[in-house]
S.K.: 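Got a structure for you, written out below as structure tokens; questions coming shortly.
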Amino acid sequence: MDQLFDVSLFNSMLRIVTPILLAALGGAICARVGLFNVGLEGLVLVGAFSAILGNHLLGNVWLAIIFAILCVMLFSLIFAYISINLRANVIVVGISMNFLAAGLTTFCLRAIFDVKGAYYDKNMMGLPKWDIPVIKDIPVLGGIVSGHSPLVYLAFFAAILMQIYLFKTVSGFRLRAAGENPVAAQSLGIPVRRIQYGAVLMSGVLCGLAGAQLSLGQVTMFTEGMTAGRGFIALVATMLGQSNPIGVVASSLLFGFMDAFSIRLQGFALPAQFTQMLPYIVTLVAMFFFKDRSYLKDAQRANGSSR
Amino acid sequence: ACSSGGSNSEQSASNGSSAEGTGKKMKIALVLPEEIGVNQFFVQMDEGFQKAGKEFGVETKTIQSSDPTAFEQNMRATVAEDYDLIITATFQAEDVLKQVAEENPDKSFAIIDTSVDLPNVRSVGFREYEASYLLGAAAGLATKTNVVGMVAAQDVPLLKKYSEGFKEGLASVNPKAKFLIGYVGSFNDPAKAKELALVQYGQGADFVAGASATSDLGVFEAAKEKNLYTSGQDTDRTVEDPDHVVLSQLKGTDAVAYETVKDFVDGNFKFGSTAYGLKEKGVGLTFVTTDSTSKLSPFIGEDVITKVKKISDDIIAGKIVVKDPLAQK
Amino acid sequence: MTRLKRNLFALLQPIIAVIIGLLAGAIAIVLLGDSVIDTYAEMWNGAFGSFYFLTNTLTRATPIILTGLGVALAFRAGFFNMGSTGQMVLGGLAAAITALYLPGPGWMVLVVSLVVGMAIGGLWSLFAGYMDAKFGINLLISTLLLNYIASLFAGYMVAFPLKDQSGSAAMAQTPMIDKSIWLPKLFSGMSLHAGFILAIVAAIALYIFIQKSVSGYEIRMLGNNPFFAAYGGVKRGRMMVVAMLTSGALAGLAGAGEVLGTQHRYLDGALASADYGWSGIMATLLASSNPLGTAVAGILLAALQTGAMGVERNTNVPLEVASVIQAVLTLFVSARFGYAFLKRRKEKK
Amino acid sequence: MTLLLEMKNITKKYGDFTANHNINFDVRKGEIHALVGENGAGKTTLMRMLYGMEEPTSGSIMINGKEVHFHDPSEAIRQGIGMVHQHFMLFPSFTLAENIVIGGEPKRSGLFDRKAAADKVNELGQMYGMPVDPWRKAGDCPLGVQQRTEILKVLYQGADVIILDEPTGVLTPSEVKELLQSIKRLAAQGKSFILITHKLHEVMEAADRITVLRDGVITGHMESNTTDEEKISRLMVGRDLIPMSRVANEPGASVMHVQNVTLAGAKGAKPLLDNVTLTVRQGEIVGIAGISGNGQSELLQVISGLVQPDSGIVELNGKDVTGDSVRAIREQGMAHIPEDRYMWGASREATVLDNGLMGHQHQYKKGGLIQSHKLRKVVSGWVERFAIKTGSLDTQAQFLSGGNLQKLIAAREFAQNKPFLIAAEPTRGVDVGAMETIHGELLAKCKTGDGILLVSSELTEILKLSDRVLVMYEGAIAGELSAAEATEEQISLLMAGGKRQL
Ligand SMILES: Nc1ncnc2c1ncn2[C@@H]1O[C@H](COP(=O)(O)OP(=O)(O)OP(=O)(O)O)[C@@H](O)[C@H]1O
Ligand SMILES: Nc1ncnc2c1ncn2[C@@H]1O[C@H](COP(=O)(O)OP(=O)(O)OP(=O)(O)O)[C@@H](O)[C@H]1O
Ligand SMILES: [Mg+2]
Ligand SMILES: [Mg+2]
């Protein structure tokens, strides 16, 4: 059993969780303005690709991250425009965005790098691993917390920032207002659409970072469809965390832990399919404890007239 | 082209209709059951196919399929579009090929990487497990920690060709060695593959073989990061990082695709099945059966190579019989 | 305003959308330096160019329509069922097992297999519904998670206990189902099978059920406003059972139809990799959960996919680009052009 | 008195439909200007233009003699115009303070200073005599508090002209009194009010001037001291209303009986229903008065089967129906006009026809299908009889004005023809003409020997219709008064938790 629970398990959990957490935060901010973003998977994929492309073109990981952010923001504008201005069903738009991202990245891989399947350059530098000065020398904690890519720390920092933003600042307050009751917000002259755009762009930034962590932090390469469902897990984390940044951190950590754990469990008698199932089952079980009886509340919000 | 006058186009038209087949450019299709990007193996096959097309002046067309139903429709469509030869590949193509080839007995088909027993199908299979055996033996001889790992794509029968042969080879030279295997659950999730490799490293492995298609890149990165040794599949992957990717199991799908086109153009095309193993040089291992442009890693060392070469000879001579993991018990 | 005129206005919206979608796709093609006309011509040919291709399109539409109908009913009842993929996978697997191991005359085994596929798909879906009703577990999350669990479970079943031991035995798949149990093909030499008829019948039946029946009425009202439904004596629990069971059963039928009509065995990943579930959800949402509309939208989406395959086969435009065009088209088809304009029209008599 | 605000020749068209035609309307500093008219007359539309939510088709708006054009409510707010909407515009999960300061949040070092917001709200409440608990969630507050919050919000925004669109619809008499006093006080301090209401006695009590709208045009304009309620209602409806009166019936056997019903509240809180016992007999109307939030809603939910009581029994036509499903109870003989027409009474997206079917669905069932021809005929009949203004039977309910939807719901439940009817706030937000129709139907039903349980926050309604009046306070029946002894004072006293005095 000590083979199962060791420092590297938690260390690996933090790595695994980062892209999911970043994307889930992006999902949360969209959910907060009333846009349910099923397109996270696609946004992260575009982020992963453009991070590699940026690195290839600009030769600098930091510029590459900025490049990825810009690309995903641009991409998320499509989502915003079609669902906000053209009032299409957000879920259809999200699903289409996933298809679009898959096609687009594969095509660009071919058109720009002239390869199929994967782009890999052994000379390309990924994100550095940061050793945190004092912490790295603390026995167990150091092994877990230190030595990750900066985006790992940024993800958790972003969650805290977002928590503060949403619940402590005026602008975050108005953002929540726009999502809670858009008609009322509109009637107060709060620019609901502009806020929605802002949220979608913000989720673009976060998904760009998520993609960059995946393709420059965890590995240094791009392969087709390398998000492998992480965007959907992020969606689950968003909902399980009830769009609260801290809740999203908790649910992402739960999933990341179970995923890291299931990898370790593979050596033990269970068939791989069952160990791979574990994170999903545990997430499902977790919902018994973090349920929100939302259907009545949603219905009340949709139908109540208060007179 | 439009302005080049009527006589010209008239000529080519009459040419086409008069000389049934002889003057017409041959059309060959490679219909793949998946998207090329999913597997390095398809990329390699496509390269051999395209190369042959250029060299022998035939019109080639590679068609990818997004899913099994799309594959069936593509196969049927290529029949309808009257290709002279339709090549396909892998076990996934078997069902559809059987049906389509039976329904079109006067069309020519070829399948790579498995065998379909029909009079109008040429099949070329591989005995990868022989090469896996060599790889396993090399790993068993080279390991210092007596722990050896493998990261495979999925826990499906197909990949037993790699894992079982490897295990057998490993046990044959180093019965004490512990064998670890991890499954990614996907063919293109390098990040997860890397985590798996890191876990095996944590469990003491000093050699982790990659058998997870595109995800292998993640294994290679883990190797680079932790100074592990690893191996690749299909082509000589040692060139990518000779210090860590120390061996590569080879499978000549490009050569087979090339040969298939060549034989067809030359008129040497024969139906029936062949299986390529070590003996036929259809599969192999770098440094053992084939030279590599990269330098041999000291982790493996000449000694090991000599021993494995011996094993290879024994297999070719039939002294060692590697069990086909897919054969019925 | 006359009814005819109103209907024409309703038609106008998707037509404008398709036109804009095609224009957007055209820009994509031009940017890639290919011929717009040729590409679209191949797309059309691949989808509807001949009777053969038309049947191809309809074959592909079959599972999309069925999963789409399934979610349509659940959506109408206000249950966001995202689990059609998992329900389809288990339905397909169950149908395959029945077809393989149930003795008896072919036609009977076929019918039983379809029914078992529906039952298992329905129960899997109902399980999510039960957890929602009983424990307040958000249906949207649970169905998403159950997809993974179902796919992995089915993967295990065919990689181990049910694995095909015949032939090369290399694939994670069940053995081939006996020919006598296959869903009959509608035209010889073409892929279209009787599943399509089932899908169309299901669309019409579901339309009548939702629009004309009392239970359908109750389901609609429940989806619109659960308080109103409760007030009027509609039992949410009962309706949830009906809606989720039917919804999953239709997805299960989609899986069973693919297994018995197209693949003739359960092949690991075959049902999930084609994204029928997502396409079905999209078809439903495009049609605002109207069953007949879902069928039309399903055929449209299938046509986009088979059209893309035609483009891949016959032009230099690669599959990826075809899928880009497909995505762009769907994006714009979903958009509400002239929404404000149309809305005002509808509102004031 | 200076002219503060002037709307000149305002016309608003929706397609071919003219909602406002050539309207001239002005507000002076420090006055209360009442705007009255039937449902759908165009009052809200006119105000929405003033508040920047709609733009006039033609005409102009002047403030202090300068022409203004609003494209957005925030511009109107900046010009000192505030509006309390007919349907509340609150954020249920936010606190009252947050709801009030939104748009002008106090900040400290860049962050939202909630403490300061609460202080300001307290201060504002003190100043205007409308205290609220700033830390409570809006969604948890009674409607009266929500209403107050809406007004405080407008005051917080610094409005000089305050539009109140039907502010008293959900308030209890004492709350109404308080509200009217507050606005009079504020008017005296120099604020101007536009007051939209269907309750003419409120108009008479508070307004300085009155403008009457009918079908989008102004039909009258007067000083309040030169007119009376009848005159106004004639201008509104275009005819005289016949005053109706109740003829007392001899009540028969019990149709509905509630015995010792108790319903627990949240942990630690008082029970929602506290040992309630009451009976409704054939041919009588029992009125339940009380400040909203004192258990009336819960009582109705228990009787109609939506909620199971923790103890006690409910009998309908002599049969114990406790724990039965809503459907079983309805079939046993209950019809129900719910208190909130949008939440309980209708589906906004569904058509008039579908809304009419609810509760009748099993009567119009044949072979599992709906007999829509039969249904269509019946619903058309209701539309005619109750003069429901709707485009067609296939119009979505959300496009009906609230009053018309209310008539549809009432018609549907009258048509159930059940021996027992719950009528909760049956005329809320309904104009005087429609109110007359619904009251007439209630009395007629009672005359045929059916029992009616009437719940209303409108005391005049209770007094006008009931044979007996029960008052609820904190989940319990605080007292019972016969028609003869029930007076507004008596009831108000009981409602406020006082003891019955004879
Ligand atoms: N957005 C709109 N589009 C079309 N017609 C509208 C719109 N808004 C209002 N109307 C029409 O304008 C008329 C006046 O509506 P308004 O809301 O001003 O009535 P009201 O006097 O406030 O009625 P009530 O007493 O019911 O509140 C309505 O009958 C309606 O038909
Ligand atoms: N978007 C719209 N399109 C068409 N008509 C509308 C629209 N919005 C409101 N209306 C109309 O405006 C009128 C008044 O609407 P509103 O919502 O103000 O009703 P209400 O004030 O609740 O009615 P009541 O005073 O009877 O309670 C209705 O006749 C309704 O049909
Ligand atoms: Mg109004
Ligand atoms: Mg009104």
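Convention: sequence-line order gives letters A, B, ...; per-chain numbering from 1. Everything quoted here is computed from the prediction, not taken from an experiment.
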S.K.: If we only count heavy atoms from C-beta on, is the A:R174 to D:F112 side-chain gap below 4.5 Å?
M.R.: no
S.K.: What part of D:R78 gets closer than 4.5 Å to chain A, counting heavy atoms only: side chain, backbone, both or neither?
M.R.: neither
S.K.: How close do D:F91 and A:A177 get, counting heavy atoms only, and between which atoms?
M.R.: CE2-O, 3.2 Å
S.K.: To the nearest 0.5 Å, what is the distance between CD (A:Q186) and OG (D:S74)?
M.R.: 10.0 Å
S.K.: Between D:F94 and A:R176, is there a side-chain heavy-atom distance shorter than 4.5 Å?
M.R.: yes
S.K.: Spell out, as yes or no, whether a donor-acceptor pair under 3.5 Å connects the side chain of A:N181 to the backbone of D:P92.
M.R.: no
S.K.: Which atoms of D:Q157 are under 4.5 Å from chain A, going by heavy atoms: the side chain, the backbone, both sets, or neither?
M.R.: side chain
S.K.: For D:I77, is it the side chain, the backbone, both, or neither that has a heavy atom closer than 4.5 Å to a heavy atom of chain A?
M.R.: side chain
S.K.: How far apart are the closest heavy atoms of A:V170 and D:E105, and which atoms are they?
M.R.: CG1-OE1, 3.4 Å
S.K.: For A:F167, is it the side chain, the backbone, both or neither that has a heavy atom under 4.5 Å from a heavy atom of chain D?
M.R.: backbone
S.K.: Considering residues, nucleotides and ligands other than D:K137, do more than 12 of their heavy atoms fall under 6.0 Å from its NZ?
M.R.: no
S.K.: Of all the residues in residues 187-199 of chain A, which have a heavy atom that comes within less than 4.5 Å of a heavy atom in chain D?
M.R.: A:S187, A:L188, A:G189, A:I190
